[in-house]
2 protein chains.
Amino acid sequence: MEAYRELEGRFKRLALVDEAQAILGWDWATMMPEGSADARADQLAELSIIAHERLSDPRLTDLLNEAEASIDQLDDWRAANLSEMRRLWLDASALSAPLVEALSKARSACEIMWRAARSENNFVALLPTFETVVALVREKSQARAAAFSLDPYDALIDQYEPGMCAAQIDPIFDDLTDYLPEFTDRVIDHQRTNGSALSFERAFPVAKQRELNELLMGFIGFSFEYGRLDESHHPFSGGTPDDLRITTRYDETDFTSSLMAVLHETGHALYDRGLPKIWQRQPVGGALGMSIHESQSLLIEMQVCRSAEFIRSIIPFITDVFGVGDPALTEGNLLRHVQCVKRDSIRVEADEVTYPAHIILRYQLEKLIISEELRPKDLPHAWREGMLEFVKADPVDDRVGCLQDIHWYGGDFGYFPTYTMGALGAAQMFEAAKRVDPSILSSIERCDFRPLYDWLSQNVHSLGRYLTASELIKRATGKKLDTTAFKTHLKQRYLSN
Amino acid sequence: MEAYRELEGRFKRLALVDEAQAILGWDWATMMPEGSADARADQLAELSIIAHERLSDPRLTDLLNEAEASIDQLDDWRAANLSEMRRLWLDASALSAPLVEALSKARSACEIMWRAARSENNFVALLPTFETVVALVREKSQARAAAFSLDPYDALIDQYEPGMCAAQIDPIFDDLTDYLPEFTDRVIDHQRTNGSALSFERAFPVAKQRELNELLMGFIGFSFEYGRLDESHHPFSGGTPDDLRITTRYDETDFTSSLMAVLHETGHALYDRGLPKIWQRQPVGGALGMSIHESQSLLIEMQVCRSAEFIRSIIPFITDVFGVGDPALTEGNLLRHVQCVKRDSIRVEADEVTYPAHIILRYQLEKLIISEELRPKDLPHAWREGMLEFVKADPVDDRVGCLQDIHWYGGDFGYFPTYTMGALGAAQMFEAAKRVDPSILSSIERCDFRPLYDWLSQNVHSLGRYLTASELIKRATGKKLDTTAFKTHLKQRYLSN
């Protein structure tokens with residue numbers, strides 16, 4: 001028990017460094033003046049080094065061995081905490097220091113070049129740097145594969161959602177690949193028949209949009225005593241469970257774009273805020289990986305906030321903030337706005353029906369890149385082919401093609417599938433929640449999120465990392481993750497009216 | 001040389017942790033939601049502990065000993081850097097880790113309580129926490145006294161301005177105590193005869209005030225590529241040399257209050273920005289203590305920006321931003337506003353004539369608290385007595401009495417005298433600068449701060465900590481710090497018209 005207790009102390013200190021990094025990262029994206037980017041990069045790197053040094057401390061290894069030798073003295077949560085500690089240790093020790101440094105430098109360099117390459121539509125200029133990143137990521141995948149006894153690509157996915165692997169993803173993505181193309185055609189036909197949304201006539205001033213966003217964040221359960229809403233180039237939810245920092249950007253011609261992004265990030269933030277307080281700053285008290293995190297944001301955004309029930313309930317607040325008289329600000333028209341389905345080459349603007357195709361394309365390509373079956377230089381061509389095949393959209397150039405996302409250029413391979421696994425999780429969880437407590441939907445219609453939040457808290461948030469992602473979904477929904485609920489949801493929302 | 005070089009690497013890493021703390025501290029005061037104060041206190045404490053651990057690393061001691069043994073191989077700046085490293089080492093090793101942690105937690109707790117206690121005028125509620133802080137500060141003063149061979153109170157002053165001590169301050173404060181009461185009476189009479197300032201008729205919207213503030217910050221030389229202006233309860237200048245974070249607060253009935261505060265903080269920021277770039281993140285490349293720092297802010301605010309020359313030069317910008325037609329917005333009337341002298345119980349609202357009395361009171365009281373001649377519980381009474389004696393103002397309650405300043409409740413004893421030592425330094429430096437380059441004043445009348453900045457850069461900013469505060473003042477002004485220039489300035493400004 002003594003070794004375990006000392007470990008708790010050490011991991012608490014590690015968590016504090018992570019928290020400092022989270023706030024500095026938020027500041028980077030929202031507040032930092034341009035000239036201090038290099039200085040901030042140095043500060044963040046220093047905090048990473050501190051964390052890495054602590055995880056590589058030989059004393060920590062001894063303590064883990066000691067604590068594991070008497071793991072039967074620990075209750076279930078402490079035992080789970082100890083195994084999460086070991087996982088973090090394994091994660092830190094899997095990679096050699098030179099590889100970590102080389103990768104960190106290469107991804108920084110590539111990310112910076114990517115900004116220019118994308119705006120200039122110049123993939124070739126980026127290629128040598130990108131090839132370096134890919135080579136190093138492959139090296140990383142081998143090292144993690146050896147440490148965790150996984151296949152190389154699975155060893156990359158595992159960074160973002162421990163335990164998730166291609167064998168779980170493949171049948172799910174195959175199912176969607178079979179189902180979605182024809183379904184999408186039907187939805188597009190159906191929406192064409194029903195008529196498209198009226199454009200908004202008025203401008204939506206940023207201050208008014210912020211007012212509406214904050215009001216609705218509050219309805220969903222976000223507490224401004226423990227968080228903020230600010231602006232950044234790309235919306236995100238950062239900070240710490242006691243200090244949640246949501247960001248958005250504003251389009252004065254369409255308030256729904258910022259609003260839906262904010263509600264999405266609020267879903268992430270509620271998860272972080274709802275993590276088990278008594279395990280705060282311990283590994284077992286953290287959030288699960290990105291697929292579960294995304295399930296929480298998509299449950300709020302896609303399942304709840306783009307529903308007819310929610311749109312109906314917020315109309316009075318919208319007209320209260322923006323005024324009455326715009327024929328585009330009616331329930332029916334707003335619903336057409338937020339449920340519009342179309343084939344487009346940009347992932348971040350995609351609706352929930354076409355989104356999986358964007359992900360499946362990326363998933364196929366990154367698997368081939370890691371297995372060396374696809375060379376980086378052949379990516380633009382493969383992207384365009386795949387785009388036509390999966391999404392049935394034709395990117396006019398690489399800017400809206402293989403250069404649109406930062407992930408790979410920043411070294412993140414294995415991340416993309418978590419988006420769609422999260423969308424399926426959201427559908428399956430929301431279905432289960434409504435089954436257990438049928439008052440959830442009627443409460444949402446009254447802008448009362450308490451019943452939904454109670455279910456989420458009990459079945460997801462309060463569990464931290466006590467269960468794995470698969471265990472959590474099985475416990476919360478009664479079965480392992482599949483496409484059934486997602487398909488039911490899509491049919492119900494997009495073809496039943 | 002090898003030991004010295006390793007030390008440079010270690011101190012650079014320390015500086016990065018300090019920089020992270022500086023940004024988190026700024027965030028605390030400007031952005032942080034209320035509910036995360038405890039979490040932030042823990043994060044800041046952890047970074048302090050990291051810094052302390054590194055400074056207490058036995059390997060660092062060995063390196064310092066090694067480098068000092070061959071100090072004659074180092075050039076002057078490196079030798080100065082090494083002795084600053086030793087001072088930091090001494091500073092850290094003087095205090096035990098438990099004391100550092102206890103102090104950090106106690107001051108955070110006391111600061112948080114102070115906010116409530118002040119707004120509720122409830123000193124008694126704060127007392128137990130304040131007593132803990134005082135006890136720990138006393139402990140700290142003993143520990144530093146032993147390490148630096150200083151008297152306990154001097155050991156506290158020394159934290160804020162190394163080398164400054166009561167023996168230097170006492171004759172200066174005695175001189176001011178003799179001189180100022182009668183001088184203040186004469187100024188108040190004189191201003192009464194000349195007539196008081198017209199009140200402003202219009203409101204000054206915050207956005208307009210910010211616009212004016214940022215414009216004038218720019219004139220003085222502040223670059224928004226490396227800094228920001230935000231709002232906080234108390235104006236301050238924080239951040240790092242590459243990321244200067246100035247804050248202010250706004251009074252819509254009087255724009256001069258925020259403007260002068262911003263120009264003051266800009267003086268601080270210019271000093272930090274002007275520190276020697278090649279010594280950045282090394283101890284010798286830092287700013288000197290708070291009396292020199294305050295000399296830079298007061299030189300800009302008091303010597304320059306409250307002068308007739310500056311007020312004359314900015315009238316066009318003021319009317320440009322706020323519009324014409326307000327009879328209160330004339331040169332003569334604005335000058336009366338920014339040069340108005342009156343006896344009042346609030347330090348931060350005091351003019352430069354009565355300010356020293358506020359400081360001398362605090363200096364006397366904190367000496368007594370540290371020597372245990374004054375018990376914390378007797379502070380409210382002693383404060384009121386001293387206020388009547390030194391400032392000749394009667395605080396109606398503790399809110400405007402002993403609860404008005406955060407310093408002591410945040411554990412800062414020995415800090416107050418640096419304000420007045422800074423005011424004297426500002427007067428002495430500005431006099432010297434104008435003597436060396438008579439174009440300084442005429443340039444300021446044209447909103448051209450370059451000649452002044454050049455002098456400051458050469459004589460103060462670019463020197464970092466290469467000299468001590470006393471050496472720097474002597475080199476810059478030709479003599480050690482005294483009250484002559486300050487008194488000359490006061491007579492010239494307040495009685496000559």
Side-chain angles (χ1 to χ4, degrees), chain A residues 9-28 30-51 53-54 57 207 222-230 239-247 269 272-273 277 280-281, chain B residues 9-10 12-28 30-51 53-54 57 101 207 222-230 238-247 269 273 277 280-281:
Chain A
R10 284 174 174 247
F11 277 87
K12 181 187 168 188
R13 293 191 58 189
L14 263 169
L16 290 168
V17 174
D18 287 348
E19 290 179 14
Q21 276 187 293
I23 300 298
L24 291 173
W26 168 87
D27 183 271
W28 169 297
T30 54
M31 298 288 156
M32 189 185 73
E34 267 183 40
S36 36
D38 288 347
R40 178 61 51 83
D42 290 345
Q43 294 149 18
L44 289 170
E46 179 59 26
L47 295 184
S48 295
I49 293 167
I50 290 170
E53 279 175 353
R54 288 183 172 181
D57 182 348
F222 187 88
S223 162
F224 286 91
E225 201 185 334
Y226 297 98
R228 298 176 50 91
L229 174 65
D230 295 278
T240 74
D242 282 340
D243 194 352
L244 299 156
R245 305 279 174 113
I246 288 181
T247 73
D272 287 332
R273 181 80 198 129
K277 195 76 186 161
Q280 199 173 9
R281 292 172 174 161
Chain B
R10 285 173 175 246
K12 181 186 167 188
R13 292 190 59 190
L14 261 169
L16 290 168
V17 175
D18 287 347
E19 290 178 14
Q21 276 186 295
I23 300 299
L24 292 174
W26 169 87
D27 184 271
W28 169 296
T30 54
M31 298 290 157
M32 187 185 75
E34 267 182 42
S36 36
D38 288 347
R40 179 61 51 81
D42 289 345
Q43 294 149 18
L44 289 170
E46 179 59 24
L47 295 183
S48 296
I49 293 167
I50 289 170
E53 279 174 352
R54 287 183 173 183
D57 182 348
E101 200 185 340
F222 186 89
S223 162
F224 286 93
E225 201 184 335
Y226 297 99
R228 301 175 48 91
L229 174 65
D230 294 279
T240 75
D242 283 340
D243 195 352
L244 299 156
R245 305 278 173 111
I246 287 181
T247 72
R273 182 84 196 125
K277 194 78 187 161
Q280 199 173 12
R281 292 172 173 161

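Note that these values count all heavy atoms, side chains included, but never hydrogens, waters or copies made by symmetry.
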Name the region of [X], side chain, backbone, both or neither, that has any atom closer than 4.5 Å to a heavy atom of chain B.
X	answer
A/S223	neither
A/L47	side chain
A/F224	backbone

Largest heavy-atom contact set with chain A, pairs under 4.5 Å, which of [options]:
options	value
B/P33, B/G227, B/A20	B/P33
B/M31, B/E19, B/E225	B/M31
B/G239, B/A15, B/G35, B/P241	B/G35

In this structure, which one of A/L16, A/D243, A/D18 forms a side-chain contact (heavy atoms from CB on, under 4.5 Å) with B/Q43? A/L16
Please determine if B/R54 and A/E46 form a salt bridge, counting it only when a charged side-chain N lies under 4.0 Å from a carboxylate O.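 Answer for the salt bridge query: yes.
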Pair B/D27 + A/R245: basic N to acidic O under 4.0 Å: yes
Which is it for A/I23 and B/R40 under the side-chain contact (heavy atoms from CB on, under 4.5 Å) test, yes or no, and what are the steps along the way? CA-CA 10 Å; A/I23 300 298; B/R40 179 61 51 81; 3.5 Å; yes
The test is side-chain contact (heavy atoms from CB on, under 4.5 Å); show your working for A/I50 and B/R13 and say whether it passes. CA-CA 10 Å; A/I50 290 170; B/R13 292 190 59 190; 4.3 Å; yes
